[in-house]
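Report on one structure; see the data block that follows.
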Amino acid sequence: MPVPAIAVMPFSEKLQAPFLKHRISVLQINLGKICNLACSHCHVEASPTRTEELTPEICKQLIEIIQRFPQIQTVDLTGGAPEMLHGFRSLVKSARNHGKEAIVRSNLTIYFEKGYEDIPEFFVQNQVRVVASMPCYLEDNVDKMRGKGVFDRSIQALQWLNRLGYGSDPQLILDLVYNPQLPTSNKFSLAPDQQSLQIAYKQHLQEHFGIYFNSLFTITNLPIGRSKVHLQHRKLEEEYSHFLETHYNSATLDHLMCRNQLSIDYQGNIYDCDFNQMENLPARSQNGEALTITKILELGNLDIIQDIQTADYCYGCTAGSGSSCGGSLL
Ligand code: SF4
Ligand code: SF4
């Protein structure tokens, strides 16, 4: 007998009030899709064979935005492996020269690739906040998700950053990111409690490898990108979406990262968040126009979005304690 489809209430209906943008203070820039890894949970579907990256023209416009808008407090660089992509160093320097926090979402292993060995020193010189993927503190789990040998190289990279002062010098912040394993059956669970997991990570990494770091961010896997393909292969996509919906928590809404950020792709298009970027759901002005950085520079205004664009994968950010690039929300 065919299994009946599980209905998920559209996220837009679940919201009982307009979902409005707040004042923009974060610019998250996705520099492209090239990466030295090809992780199974990657929502960007990045890999060494991708070729998409920022162009010099778009980079110049981004630097102009960083210079012109003092309301931007944080410039958050992601990819792919942002360190491999055009514009990486000039965007970091521009952000720091204008007194903004510069965040780099780093996969750690890139520092061992030819031509990138000076990246940790570059981070120190520019007081970059490093947010590093470490989906588990156990070797098997990490290598299963990210490729053989990735755990060892990640450990060596964290030790390297520690030797340079990361995790101990208050100016050199090192945060780790935990992603749950992708489900292989319908026994779903949300990410464990962030505080308790942080304690476990700190204990394990310190005892076994002498590693220390600042905070751990737990991030829920949204059913998009490679995670969606994984779920579809196992016929789990609808059930997983339903599971996320049943854990919907309206208290997360005010804290979602899409409220105060612009997410920009390597072509200069603007989205409300990185997930919408990957799903090609552009941010829109009040008259319904899709936005670009050229438009923002013409208008001289960052705050031209009223309503945030949503889709059913938004249940992933609003389930339980909530989830964002900065971890749990509540
Ligand atoms: S390191 Fe990050 S960007 Fe690269 S494949 Fe893995 S998850 Fe994707
Ligand atoms: S995916 Fe998450 S961050 Fe993006 S619009 Fe939906 S709720 Fe906001």
Side-chain angles (χ1 to χ4, degrees), residues 10-12 14-15 19-22 26 28 30-50 52-53 76-85 104-111 113 131-135 142-147 150-151 153-154 157 177-179 182 219-228 230 241 244-245 248-250 252-263 266 270-284 305 307-319 322-329:
F11 186 79
S12 53
K14 198 80 158 187
L15 293 166
F19 192 37
L20 302 176
K21 205 84 171 166
H22 297 163
V26 177
Q28 189 177 69
N30 190 309
L31 301 178
K33 296 185 187 291
I34 305 169
C35 186
N36 57 319
L37 302 179
C39 306
S40 61
H41 62 282
C42 184
H43 70 274
V44 181
E45 302 187 57
S47 81
T49 58
R50 301 296 296 252
E52 303 91 327
E53 67 177 321
D76 184 340
L77 301 180
T78 183
E83 300 93 329
M84 296 175 78
L85 295 160
V104 174
R105 300 194 177 263
S106 178
N107 71 32
L108 297 169
T109 61
I110 186 66
Y111 322 149
E113 301 286 338
V131 178
S133 327
M134 193 66 174
V142 172
D143 283 5
K144 208 160 34 168
M145 284 170 92
R146 317 196 71 204
V150 169
F151 181 80
R153 276 179 286 150
S154 303
V177 174
Y178 165 87
N179 288 90
L182 290 169
I219 299 188
T220 303
N221 289 314
L222 266 61
I224 60 173
R226 285 195 190 123
S227 301
K228 181 175 175 167
H230 169 102
S241 297
L244 294 175
E245 186 203 351
Y248 173 71
N249 181 357
S250 61
T252 60
L253 290 176
D254 256 358
H255 310 281
L256 290 163
M257 64 182 181
C258 48
R259 290 283 197 179
N260 66 336
Q261 75 164 222
L262 296 180
S263 163
Y266 64 94
I270 298 179
Y271 306 81
D272 290 306
C273 73
D274 199 45
F275 302 124
N276 283 358
Q277 184 179 141
M278 295 313 133
E279 292 297 294
N280 203 19
L281 182 61
R284 295 194 179 273
I305 301 169
D307 295 297
I308 298 170
Q309 304 296 315
T310 61
D312 292 350
Y313 50 77
C314 294
Y315 283 120
C317 299
T318 51
S323 174
S324 74
C325 287
S328 151
L329 298 171

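First listed ligand is number 1; within each ligand, the first listed atom is number 1.
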**Report entry** Ligand-residue contact atoms, ligand 2 with Tyr313, heavy atoms, under 4.0 Å
**Finding:** 1 (S)
Report task. Mark up the atoms of ligand 2 that fall under 4.0 Å of a heavy atom belonging to Phe275, in ascending order. Result -> 1 (S)
Query raised in the report: Is atom 6 (Fe) of ligand 2 under 2.8 Å from any N, O or S atom of Cys273?
Result: no
Query raised in the report: What part of Ala81, side chain from CB on, backbone N/CA/C/O, both or neither, has a heavy atom under 4.0 Å from ligand 1?
Result: neither
**Report entry** Proximity flag Leu37 to ligand 1, non-hydrogen atoms under 4.0 Å
**Finding:** yes
Query - Part of Cys317 within contact of ligand 2 (heavy atoms, under 4.0 Å) - result: side chain
Query raised in the report: Is there a donor-acceptor contact under 3.5 Å linking the side chains of Ser263 and Asn276?
Result: no
Query raised in the report: Do the side chain of Thr318 and the main chain of Cys314 share a donor and acceptor less than 3.5 angstrom apart?
Result: yes
Requested in this report: Please say which of Asn260, Asp307, Asp272 ends up in a side-chain hydrogen bond (donor to acceptor under 3.5 Å, both in side chains) with Lys21.
Outcome: Asp272
Report summary line: the protein heavy atom lying closest to atom 8 (Fe) of ligand 1 turns out to be Cys42 SG, 2.3 Å
Report task. Output yes if Cys35 passes the N/O/S-under-2.8 Å test against atom 4 (Fe) of ligand 1; output no otherwise. Result -> yes
Requested in this report: Hey, could you give me the NZ/OG distance between Lys33 and Ser47, rounded to the nearest 0.5 Å?
Outcome: 10.5 Å
Query raised in the report: What do we get for Phe11 next to ligand 2 when only non-hydrogen atoms under 4.0 Å count, side chain, backbone, both or neither?
Result: neither
Query raised in the report: Does a sphere of radius 6.0 Å around NZ in Lys14 hold more than 12 heavy atoms from other residues, nucleotides or ligands, not counting ones at 6.0 Å or beyond?
Result: yes
**Report entry** Close-contact set for ligand 1 against Asn107 heavy atoms, below 4.0 Å
**Finding:** 1 (S)
Report summary line: When rounded to the nearest 0.5 Å, the distance separating SG of Cys273 from CZ of Arg259 is 12.5 Å
Requested in this report: Closest by any non-hydrogen atom to atom 1 (S) of ligand 1: pick that one out of Arg146, Lys33, Met145.
Outcome: Arg146
Query raised in the report: Between Asp312 (side chain) and Phe11 (backbone), is there a donor-acceptor pair under 3.5 Å?
Result: yes
Query raised in the report: Just checking, is any N or O donor in the side chain of Glu83 or Ser106 under 3.5 Å from an acceptor N or O on the other one?
Result: yes
Requested in this report: Starting from atom 6 (Fe) of ligand 2, find the nearest protein heavy-atom neighbour and note its residue, name and distance.
Outcome: Cys314 SG, 2.3 Å
Report task. List every atom of ligand 1 that sits less than 4.0 Å from any heavy atom of Gly80, numbering the atoms from 1 in the order shown and giving each element. Result -> 3 (S)
Query raised in the report: For atom 5 (S) of ligand 1, what's the nearest protein heavy atom and its distance?
Result: Cys39 N, 3.3 Å
Report task. Quick one: look at Asn276 and ligand 2, take heavy-atom pairs under 4.0 Å, and tell me if it's side chain, backbone, both or neither. Result -> side chain
Query raised in the report: Roughly how far, to the nearest 0.5 Å, is CG of Leu281 from CD of Gln309?
Result: 5.5 Å
Requested in this report: With rounding to the nearest 0.5 Å, note down the distance linking NZ in Lys228 to CE in Met278.
Outcome: 14.5 Å
Query - For Gln309, atoms of ligand 2 separated by under 4.0 Å from a heavy atom - result: 5 (S)
